[in-house]
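One structure is given below, encoded as structure tokens.
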Number of protein chains: 2
Amino acid sequence: MSTMETRQRLPAAERRESILAAASVVFGDRGYAGATTDQIATAAGISQAYVVRTFGSKETLFVEVARRAVGRIETAFRSAISADDDRTVVQRLGQAYLDLIADRGILLSLLHIFSLGNDPAIGPVGREGFLTIYRLIRDEAGLPPEEASRFLAEGMLINTVLALQLHDSDDPDALELVTQACGGDLGRFRALAAG
Amino acid sequence: MSTMETRQRLPAAERRESILAAASVVFGDRGYAGATTDQIATAAGISQAYVVRTFGSKETLFVEVARRAVGRIETAFRSAISADDDRTVVQRLGQAYLDLIADRGILLSLLHIFSLGNDPAIGPVGREGFLTIYRLIRDEAGLPPEEASRFLAEGMLINTVLALQLHDSDDPDALELVTQACGGDLGRFRALAAG
DNA sequence: GTCTATAGTTCGATAGAC
DNA sequence: GTCTATCGAACTATAGAC
């Protein structure tokens, strides 16, 4: 008897989604060049060849993951902007950004995309995504350029401490820094990152 | 007759330095996994085998580049702290950080190191480097945790717009953002990045 | 101190069966 | 819709000559 459960036959759209989800995690952990289509396939529970077949190439898949990640941020921010409770817009946006930590891979994939501005295929996608987010918080949330810039800076710090896994460190300085980066609630940061 | 100039025989120490300088640029552009020892060798004007021979492995070379980059920041910051002119410490540190853009590769290599916290060999080096810089600006420059954190955040944003090459964009929003990120002097940012 | 040659591995992509 | 098998390219690292 086989220890492997039978592979499921899925409609194309669902299979695409499951591959994108797996790819987001693997790309987030290892970066574009460091990730292999075989690791993504294993994470998605299918064969390596099928991953490539579904998206045409590793590069196309990465770009799709990148666009999805930016789209998730846009959605989360628009929802935060229209929430209109007793907090300020910036507070709501910050909260929304932190919540994205729970979906492992989104912020880390973006970090890797933004670091490859030199790549002829990936660079333009990264620039477009970054500017899209900047315009959203400036024009739709109404933050002046200076505040919008500061907000993005705080986001980049969150991405960095998340990638470095400083929240899992037992160094008191690391925890102090993570606490500052996430606006005070270390426990929440850790819980979201552990998810 | 050969069109290639004769290769120079250098003392080991000098050769190591020239390889490290080349590796810093290539790793900064492509990341750890994306860079090849052959690209580094070409940039350094020597053979691929000699690069590996000199450092034992690509990984060892990358770790050495990372430690050098952190060391450069430490040196620059200590110098800024002890400068003691009419500016504030934060202003001097910010200026010192921006000046590092001129040495192509330092900030970009660091960006890539910080994004690989999950890697068993590279992760610890990244965490150690990041915390070293945090402690320096907190304990030696005397910034309270909140200010130190904000300073690091601004640094991460600078790294990001630099990697994305937004300073070369002709999009007005990109330029506005870079201007904010570097504290107002876009021309200076561009000049430094152009090298 | 530095090179050429190459071994050994890994990886993305394609072909073709079911 | 999904797999197995495999090709060909790219890359790190080693061996050995000069």
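Per chain, numbering begins at 1; letters A, B, ... match sequence-line order.
Proximity note for S47(A) (side chain, C-beta onward) versus dC3(C), dT4(D), dG1(D): the nearest is dT4(D).
Listed by first and then second residue, the ring pair (Phe, Tyr, Trp, His ring centres under 6.0 Å) pairs that reach into residues 78-125 of chain B are F114(B)-F130(B), sequence neighbours excluded. For the ring pair (Phe, Tyr, Trp, His ring centres under 6.0 Å) condition, the pairs that include at least one residue of residues 176-195 of chain A, sequence neighbours left out, are H167(A)-F189(A). Note on residues 119-139 of chain A: pairs passing side chain to side chain donor-acceptor pair (under 3.5 Å), not counting sequence neighbours, are Y134(A)-E176(B), R135(A)-D171(B), R135(A)-D173(B), R138(A)-D173(B), R138(A)-E176(B). Among residue pairs with one or both ends in residues 98-109 of chain A, those qualifying as side chain to side chain donor-acceptor pair (under 3.5 Å) are D29(A)-R104(A), R72(A)-D103(A), Q95(A)-D99(A), D99(A)-R188(A); sequence neighbours excluded.
Within the 4.0 angstrom heavy-atom criterion, only backbone atoms of the sugar-phosphate kind lie near T36(A); the bases stay farther away. Contact annotation for E14(B): no contact, since no heavy-atom pair falls under 4.0 Å across all strands.
DNA chain C is contacted by A35(A) of residues 25-35 of chain A, taking any non-hydrogen atom closer than 4.0 Å.
Side-chain nitrogen and oxygen atoms of R15(A) include none within less than 4.0 Å of the OP1 or OP2 phosphate oxygen of dG1(D).
Other members of a hydrophobic cluster containing V25(A) are absent, since no ILVMFWY side chain comes under 4.5 Å of it, directly or through relayed contacts.
Contact check for I113(B) versus V70(B): no side-chain heavy atoms found under the 4.5 Å cut-off.
Rounded to an integer number of Å, the gap from Y50(A) OH to dG12(C) C1' is 18 Å. dT12(D) atom P lies 8 Å from atom CG of D38(B), rounded to whole Å. Rounded to an integer number of Å, the gap from R16(A) CZ to dT2(D) P is 13 Å.
Looking at residues two or more places apart in sequence or on another chain, you find no ring-ring contact (aromatic ring centres under 6.0 Å, His included) involving Y50(B). Take F55(B) and apply the ring-ring contact (aromatic ring centres under 6.0 Å, His included) test, not counting sequence neighbours, and it matches no residue.
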Determine, for nucleotides 13-18 of chain D in 5'-to-3' order, which nucleotides have protein heavy atoms under 4.0 Å from the base (write B), from only the sugar-phosphate (write S), or from neither (write -).
-> BB-B--
